Asks: 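Got a structure here, written out as structure tokens. Questions coming.
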Amino acid sequence: MSKMRVVQVPRPGGDFEIVEREIPEAGPGSVRIKVQACGICHSDSLTKDGLLPGISYPRVPGHEVVGVVDAVGAGVAGWKAGQRVGVGWHGGQCGYCDNCRRGEFFACQTATKVTGVTQDGGYAEYMIASREAVASVPEGLTAVEAAPLMCAGITTFNALRNSGATSGDLVAVLGLGGLGHLAVQYAAKMGFRTVGIARGKDKEPLARQLGAWHYVDSQAGDPAVELQKMGGARVILATVTNADAMAAVVGGLAINGTFLVVGAAGPFPVDPLFLLMGKRSVKGWYSGTAADSEDTLRFSVLGGVRSMNEVFPMERVNEAYERMMSGKARFRAVLMMGAS
Ligand SMILES: [Zn+2]
Ligand SMILES: [Zn+2]
């Protein structure tokens, strides 16, 4: 029996272990992927630290997976060995529950599959994925380029294109980190008047380089007032994980504006009067499904949108994870599995 190496979390809060396992078979309805690259996402800490109920251990994290289909299980149409594919957070759906019947596959009630959380993910030389969770990866993106787009990319791209903003609207992106540096690029390429907001004057050249029309240093003054001076934002995409930073900016919404949250932060106060007097809203956004991933990847090729990545071999997973979690990575960390 052939072996593969995986990075597993042995128990909640446990250190990563690189172990050998038998290469799994692709069962009915699933494909086996020979993984080439897997991005590290902040949400991997949910698995690492056991922050969600019901995760069984040992577990292989990783939901920014890119590789090549290596074997196809019974009853799988549409995929064949040799195809370049990616897998993100959404690991599949049942197709028959109430939410699935309404097309809301992300909220499947019966078979909630999350890559690297409820099933083994991409910190591995091989992984198994449900056929409906698999996205085609276009020519024009390397595995390392495509991997972070499977979570950080799809989340920001899909949130922005469903935000209600249209060409020429003022769209602010709060935060210029792993999510934010992609969001600014997508927003600019979508034709929005894109404003980058971050702490410190030193981030301005980066924001401009990514395509921002304007930059607001949130430490230099009141960022909400700055946005209102520009007429207010149709959309503020909050990519940070800091509730105080969100609270400081929400007042920059124009009438009918939407504060769109994709960063996981604690509670923050919002004035109900501010919302109702201007028909403003605060809303969250989930990443998306495999079809959304394909749209994200195609748009990224078309517009030249790329993640800035630090690349590590699988053996240096601890260092890569630490870089990502400490916020020191510029701007995503990606593991390469190429050694086998
Ligand atoms: Zn993620
Ligand atoms: Zn379902």
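Keep in mind the model is a prediction, meaning the values are calculated, not measured. Numbering of ligands and ligand atoms starts at 1, following listing order.
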Asks: When you measure from the Zn ion (ligand 1) to each N, O or S atom of His63, which atom gives the shortest distance?
Replies: NE2

Asks: What do you get for the angle at the Zn ion (ligand 2) between SG on Cys94 and SG on Cys108, to the nearest 10 degrees?
Replies: 100°

Asks: Does Lys189 qualify as a cation-pi partner of Phe299, given the criterion of NZ or CZ under 6.0 Å from the six-membered ring centre and within 45 degrees of its axis?
Replies: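 No, cation not above the ring by the 6.0 Å, 45° rule.
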
Asks: Are Phe331 and His181 close enough that their ring centers fall under 6.0 Å?
Replies: yes

Asks: SG (Cys100) to the Zn ion (ligand 2) to SG (Cys97): angle, nearest 10 degrees?
Replies: 100°

Asks: Within rounding of 10°, what is the angle whose vertex is the Zn ion (ligand 1) and whose arms end at SG of Cys41 and SG of Cys151?
Replies: 130°

Asks: Would you call Asn158 and Arg161 a side-chain contact if the rule is heavy atoms closer than 4.5 Å?
Replies: yes

Asks: In terms of the angle between their ring planes, are Tyr321 and Phe16 parallel, tilted or perpendicular, with boundaries placed at 30° and 60°?
Replies: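 Answer is perpendicular, since the angle exceeds 60°.
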
